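First up is the structure itself, then whatever we jot down about it.
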Amino acid sequence: MSRLTPSEIEPKWQAAWERAGCFTARHDPDRPKYYVLEMFPYPSGRIHIGHVRNYTMGDVIARYKRARGYAVLHPMGWDAFGMPAENAAMASGGHPKDWTYGNIADMRDQMKPMGFSIDWSREFATCDPEYYAQQQRLFIDMLEAGLIYRKAAVVNWDPVDMTVLANEQVIDGKGWRSGAPVERRELVQWFFRISDFSEELLEALDTLEKWPDKVRLMQANWIGRSRGLRLAFDLTAPAAGHERIEVFTTRPDTLMGASFVAVSPDHPLARALEEGDADLAAFSAECRRMGTSEEELETAEKKGYDTGRTVRHPLIEGRELPVWVANFILMDYGTGAIFGCPAHDQRDLDFARKYGLPVIDTFRPVPFSSDVESAEQEGFVSPEAGADAAFVPQKTEKVRWIDHFAGLTEATGEEAIDASIAHAEANGWGEGVVQFRLRDWGISRQRYWGCPIPVVHCEACGAVPENRENLPVRLPDDVSFDQPGNPLDRHPTWRDVPCPECGRPAKRETDTMDTFVDSSWYFARFTAPRAETPTDPEEAAYWMNVDQYIGGVEHAILHLLYSRFFARAMHITGHLPEKCREPFEALFTQGMVTHAIYQTTDDRGRPVYHTPDEVDVRETGEIVVRATGETVEVIPSQKMSKSKRNTVDPAAIVAQYGADTARWFVMSDSPPERDVEWTAAGAEAAFRHLSRVYRMAAENDPSEPGAEAEDEPLRRATARAIADVTEGIEQFGFNTSVARLYAFTNTIARSAASGAARREALKVMAQLMQPMTPHLAEEMWEMLGGEGLLAEQPWPEADPALLVEDTITLPVQVNGKKRGEITVPKDAAKDVIEALAMDEPAVQRALDGGRPKKLIVVPGRIVNIVV
RNA sequence: GCCCGAGUGGCGAAAUGGUAGACGCAGGGGAUUCAAAAUCCCCCGCCGCAAGGCGUGCCGGUUCGAGUCCGGCCUCGGGCACCA
């Protein structure tokens with residue numbers, strides 16, 4: 001019996017494709033182009049099954065589009081800068097560069113046997129000096145275009161290791177290595193002016209029709225456009241040189257319910273007051289002993305400090321409000337100061353209750369019945385009357401106002417906000433403003449393994465960009481990681497350079513760029529990866545935009561938003577054409593592959609993680625570390641990540657069953673957009689199926705006679721399979737395409753048609769399987785006498801005449817419940833269908849003598865009898 | 001805490017508002033075999049002898065008809081600006 005042997009056929013066909021140059025992207029003005037891109041990987045060391053899933057999806061699209069006649073660009077590269085390389089160097093010696101390039105080599109070696117139709121000649125890593133040289137050029141162009149500036153910003157500071165920590169490295173408010181409580185510290189850093197593009201980035205979301213709605217919504221919320229009022233509260237007595245506090249509010253309609261003003265600990269007034277108030281200074285210091293993440297700020301206990309100062313309410317003569325410093329006010333948003341209206345904001349209410357501040361209703365619900373005077377009579381308890389829940393109705397809901405300054409009685413929140421802003425502007429006590437949540441993008445990182453910021457600091461000339469002919473500013477190789485902090489800071493021969501402008505002694509910028517910068521333009525670089533400029537205009541004009549971008553939802557906001565900003569910046573600086581302002585035409589966010597995490601703890605109580613192949617499941621169900629027998633704690637599934645070691649290595653599957661089986665397996669079963677919990681069962685079944693298909697091709701004999709009458713149904717089934725599989729691929733429903741191919745296999749296997757007819761069906765099967773299992777498909781194509789390489793054949797077309805069915809089966813419902821079925825000619829008249837439906841015995845039984853009130857016939861779909 | 005998703009048999013899942021469970025896994029039965037492997041065929045949501053009833057996380061609503069649309073919850077996952 002013929003056997004499928006992947007270890008023989010897979011290398012054979014990979015070599016054949018290579019020889020024929022099938023996957024080299026060719027700029028061909030006579031053909032439509034198609035650029036398919038999967039988010040490039042971080043070279044962590046091993047590919048995991050999530051990568052296989054991601055790149056197989058892209059490969060299915062790439063191979064399909066090639067068969068459809070497109071000039072396809074399908075490149076691969078490495079997002080190669082970042083912290084893990086430095087962590088590895090600190091943990092086990094060695095150099096980040098060696099670690100990174102070693103990992104890249106390993107991962108490339110793992111990926112090539114997968115048979116992805118990638119143009120490897122365009123490969124690059126972001127840590128290649130040739131790449132980051134162009135990134136530095138972009139930086140200088142953007143600096144000159146006014147898109148970059150410097151300002152102070154807070155970072156997580158580890159006071160023991162004397163180093164800046166990433167949010168990820170702050171665990172329960174402590175540094176992950178030192179265990180010391182982190183502090184917030186201000187550093188002067190470089191920023192991209194992404195917030196200048198807030199309005200545009202928001203509005204352009206509407207044009208991204210082939211993006212998932214959820215991603216557009218997440219981005220819109222992130223940019224966070226809000227209309228509100230800016231107004232000032234005058235201090236009753238000037239304090240530390242301040243006479244007023246400017247606040248921004250999105251709910252100016254609740255101003256009559258204001259009962260306190262709160263400012264951020266970083267607000268200039270709070271800082272000034274610290275001088276003469278040791279308790280306040282202590283409070284603020286405590287606030288600063290906290291990480292910088294919004295999550296930490298928002299989930300921390302809300303705390304405040306009464307400054308003893310007061311402000312005057314702008315509209316109520318004689319009302320004075322206390323001024324508090326509160327840990328939940330962000331200096332980065334609005335003016336860093338708010339007024340609190342506890343009756344209509346839960347956070348303010350919690351704060352007011354905690355510190356005994358007044359609660360004043362400004363509106364109540366409109367009573368449901370017309371014969372009562374107030375909501376109270378219907379049992380509503382307002383916050384002012386002691387309720388623990390703030391009254392926060394939808395802004396579209398009508399409420400009854402109490403003594404509103406603009407004279408409102410009943411109005412929705414939206415109407416009230418508009419009226420309030422209009423009133424404030426007309427009477428000169430406030431100004432309507434549009435505020436965005438989006439902040440400028442801070443890119444300075446106090447680390448070695450990143451793209452050096454090409455700037456020199458000169459005492460006379462200030463921050464001066466490096467001369468372009470001196471690019472790249474290369475990372476020095478002779479550095480050590482035996483002490484914390486940035487090795488560039490303690491590298492005098494690299495750091496001390498003459499000023500590019502005046503030539504006097506100066507110092508290089510030792511911060512490097514955020515790695516998000518690297519990934520914000522790599523897609524453009526792939527169009528001309530060896531160009532001496534960031535892009536080549538002709539290549540960019542031809543290949544851009546990315547027609548289909550594929551990646552994880554976890555990148556829905558930051559990476560995609562930064563890339564959208566960068567595309568605009570590159571257009572402004574002349575590196576991309578106008579049409580590239582939105583660089584990704586279509587986006588598909590695939591689900592993550594998740595797996596349980598196996599954790600033990602070391603003698604200091606710190607977590608130790610174990611990979612799935614390091615543990616055994618005992619008969620009792622207990623899961624233990626194979627080497628030590630220690631019982632592990634099983635943490636529920638999360639996305640696979642190197643740091644949690646819950647990754648599954650596809651190498652074992654590939655070694656046992658081959659790449660096609662791994663590819664087939666990750667495309668089947670789960671819909672691509674959904675997360676999938678990895679289980680090893682099923683790979684065996686996938687291999688069995690591929691073997692079966694292989695055998696059917698190997699054993700096909702075209703001279704074998706068959707029942708002539710069976711040829712036609714097989715041709716119909718073939719046409720149906722072409723239509724359904726194609727639709728599945730077009731709609732990213734790869735799992736349904738796979739299901740259709742299973743069904744088609746069964747149909748062929750059971751068909752009594754002639755050998756020749758079966759051969760034709762099997763050739764189509766090979767064509768339809770080619771995107772998913774390319775090696776098997778080539779082997780079949782060859783065995784079945786197909787011309788040339790299957791990878792270069794056009795996609796099969798379904799004969800429309802064969803797709804039409806003569807009769808259809810209609811379900812018959814009684815009161816929405818299915819009771820029977822009728823089979824009718826395709827174009828049966830409505831009254832014929834009605835009569836047939838009424839004649840069904842099961843229908844008669846369900847009617848039970850009742851008379852039909854209404855008969856609904858949905859042509860081609862269903863009959864519903866309403867009694 | 002805030003923003004965004006997801007939830008359907010024992011399991012992975014399918015289903016333009018129109019037959020819930022296609023296809024696959026696991027399981028059960030059978031054929032072939034001296035036996036086994038491999039292969040092939042059949043059954044397979046739950047309750048019920050059956051007729052039938054109940055079923056898409058929970059509660060309510062819209063509709064002739066809801067897994068699908070609307071409102072309110074629950075659970076799980078993603079993001080929260082220095083993980084990538």
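Proteins come first, then strands; the chains are lettered A, B, ... in the order of their sequence lines, and each starts at number 1. Quick caveat, the model's predicted, so the values are computed rather than measured.
Below the 3.5 angstrom threshold, one finds no donor paired with an acceptor across the side chain of A:Glu554 and the base of B:C80. Put simply, the side chain of A:Glu295 and the base of B:C80 share a donor and an acceptor less than 3.5 Å apart. One cannot find a donor-acceptor pair under 3.5 Å joining the base of B:C82 and the side-chain atoms of A:Asn167. A donor-acceptor contact under 3.5 angstrom links the side-chain atoms of A:Gln446 to the base of B:C82. The base of B:U16 is paired with the side chain of A:Arg861 by a donor and an acceptor separated by under 3.5 Å.
Taking the nucleotide of RNA chain B with the nearest heavy atom to each of A:Ser668 and A:Lys818, the more 5' of the two is matched to A:Ser668. Comparing A:Asn221 and A:Arg447 against RNA chain B, the residue whose closest nucleotide sits nearer the 5' end is A:Asn221.
Across all non-hydrogen atoms, the minimal contact from A:Thr100 to A:Ala80 is CG2-O, 3.5 Å. Taking every heavy atom of both residues into account, A:Ser264 and A:Leu330 meet most closely at CB-C, 4.3 Å.
For the OP1/OP2 pair of B:A38 and a distance below 4.0 Å, the side-chain nitrogens and oxygens of A:Arg695 include no atom meeting the criterion. Look at A:Lys817 and you won't find any side-chain N or O under 4.0 angstrom from OP1 or OP2 of B:G18. Proximity of A:Asn735 to the phosphate of B:G24: no side-chain N or O atom is located under 4.0 Å from OP1 or OP2. Using a 4.0 Å cut-off, no side-chain N or O of A:Arg347 falls inside it from OP1 or OP2 of B:C2. A close approach under 4.0 Å does not occur between any side-chain nitrogen or oxygen of A:Arg437 and OP1 or OP2 of B:C3.
Taking the six-membered ring for Trp, A:Tyr742 and A:Phe744 have ring centres at least 6.0 Å apart.
The residue A:His559 sits apart from the nucleic acid: no heavy atom pair falls under 4.0 Å. Heavy atoms of A:Ala685 sit under 4.0 angstrom from primed sugar atoms or phosphate atoms, though from no base atom.
For the residue pair A:Tyr333 / A:Gln435, no side-chain donor-acceptor distance below 3.5 Å is found, with atom types taken as modelled.
Within the shown strands, B:A31 is the pairing partner of B:U39 under the Watson-Crick or G-U definition, both distances less than 3.5 Å.
Only one option out of A:Trp211, A:Phe732, A:Tyr549 pairs with A:Phe588 in a ring-ring contact (aromatic ring centres under 6.0 Å, His included); it is A:Phe732.
Annotated as anti: B:G65, whose glycosidic dihedral deviates from 0 by more than 90°.
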